[in-house]
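Accompanying notes for the structure given below.
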Amino acid sequence: DRRNYLKAPKEVRTRLAEPEDEWKFEGLVNIVFLAVILGAVFVEKPIFLRELLMGAAAAGSCLFTGKRIHQSNNFDFGPIKEVAILFLGIFATMLPALDWLEHNAKSLGMTTPSFFYWGCGLLSSALDNAPTYYSFLSAIVGGFVPADLVEQLRQLIASGTVDPSAITGPNAVNLKQALGALSAYHPTALAAGTLDAEQLQVAFLLGKADLNHFIVAISIAAVFFGANTYIGNGPNFMVKSIADESKVHTPGFIGYILRYTVPYMLPLLLLIWFLFFR
């Protein structure tokens with residue numbers, strides 16, 4: 001006991017004393033692989049290079065991280081497989097919706113930023129935010145950017161006409177605004193004439209202040225509403241799956257919404273709508 005310990009000679013107390021705490025980090029090589037994945041997010045060309053870099057980083061992490069580290073962290077591929085299967089299904093089923101929305105946006109009465117804020121937000125709560133954002137961006141393009149106007153812009157750039165002051169005609173204002181947006185966001189691609197159809201379409205949205213407001217609405221909604229449920233963002237569902245795998249208690253799907261989404265998220269989302277998109 002403590003009294004006998006204090007009476008013991010110093011050399012005995014030294015042997016009996018607990019060792020000093022020691023901090024030790026293992027698996028630091030994964031910082032390199034994490035940096036590769038974060039950097040790959042910004043790689044656009046050549047095609048599939050981003051995915052190859054991410055896949056190589058994931059494989060390298062598995063190969064160079066010791067088995068003992070995986071075991072001590074209860075690492076398991078179960079949650080990863082679960083999330084991958086779920087979101088593969090989400091992305092696959094969203095593809096027909098993208099095309100349908102782009103060609104039927106006007107008939108749905110999707111004409112206000114408020115509609116896009118709540119529509120994109122509610123779907124982002126139940127689906128991953130990336131395909132939801134892209135779906136509503138397609139809807140905005142289909143509802144407000146005529147295909148013939150995009151073709152005129154493409155022909156102008158192909159002919160080397162990138163000076164807004166040289167553009168005339170009934171659609172001159174819209175074309176000038178789109179060229180201004182391309183000059184601001186894609187100057188290198190504009191000079192090289194390598195812009196794709198989607199960049200041309202979005203340029204019309206970025207060039208007009210009122211249409212720009214629609215992009216802001218779906219951008220905020222896609223990101224903020226994603227925290228409303230476990231499946232609103234891929235990482236949310238991944239953390240939930242890891243917790244379940246480790247037998248850590250977490251609220252159920254409905255319980256999460258009632259305990260956290262309704263009292264905390266909903267008032268903030270209503271305030272944002274009231275201030276910026278009403």
Check which hydrophobic residues are tied to Ile37 through side-chain heavy-atom contacts below 4.5 Å, counting indirect links as well, and list them.
Val41, Phe42, Met54
Residue list, ring pair (Phe, Tyr, Trp, His ring centres under 6.0 Å) with Phe276, at least two apart or on another chain
none
Do Phe214 and Leu205 touch side chain to side chain, with heavy atoms closer than 4.5 Å?
no
On a heavy-atom basis, which atom in Leu53 and which in Ala40 lie closest, and how many Å separate them?
CB-CB, 3.9 Å
Parallel, tilted or perpendicular: ring planes of Phe144 versus Phe116, cut at 30 and 60 degrees
tilted
Leu149 to Leu175 - nearest heavy-atom pair and separation:
O-CD2, 3.9 Å
Examine distances only and state if a side-chain atom of Lys240 and a backbone atom of Pro251 form a donor-acceptor pair shorter than 3.5 Å.
yes
Can you list the steps and then say if Phe225 with Tyr117 is a ring pair (Phe, Tyr, Trp, His ring centres under 6.0 Å)?
CA-CA 10 Å; Phe225 280 74; Tyr117 174 77; 5.4 Å; yes
Could you check Ile220, Thr132, Ile140, Asn129 and say which one makes a side-chain contact (heavy atoms from CB on, under 4.5 Å) with Cys120?
Thr132
Under 4.5 Å between any side-chain heavy atoms of Phe48 and Val43, yes or no?
no
Parallel, tilted or perpendicular: rings of Phe77 and Phe75 (30°, 60°)
perpendicular
Honestly curious: do Tyr264 and Ile257 fall in one hydrophobic cluster under the side-chain, below-4.5 Å linking rule?
yes
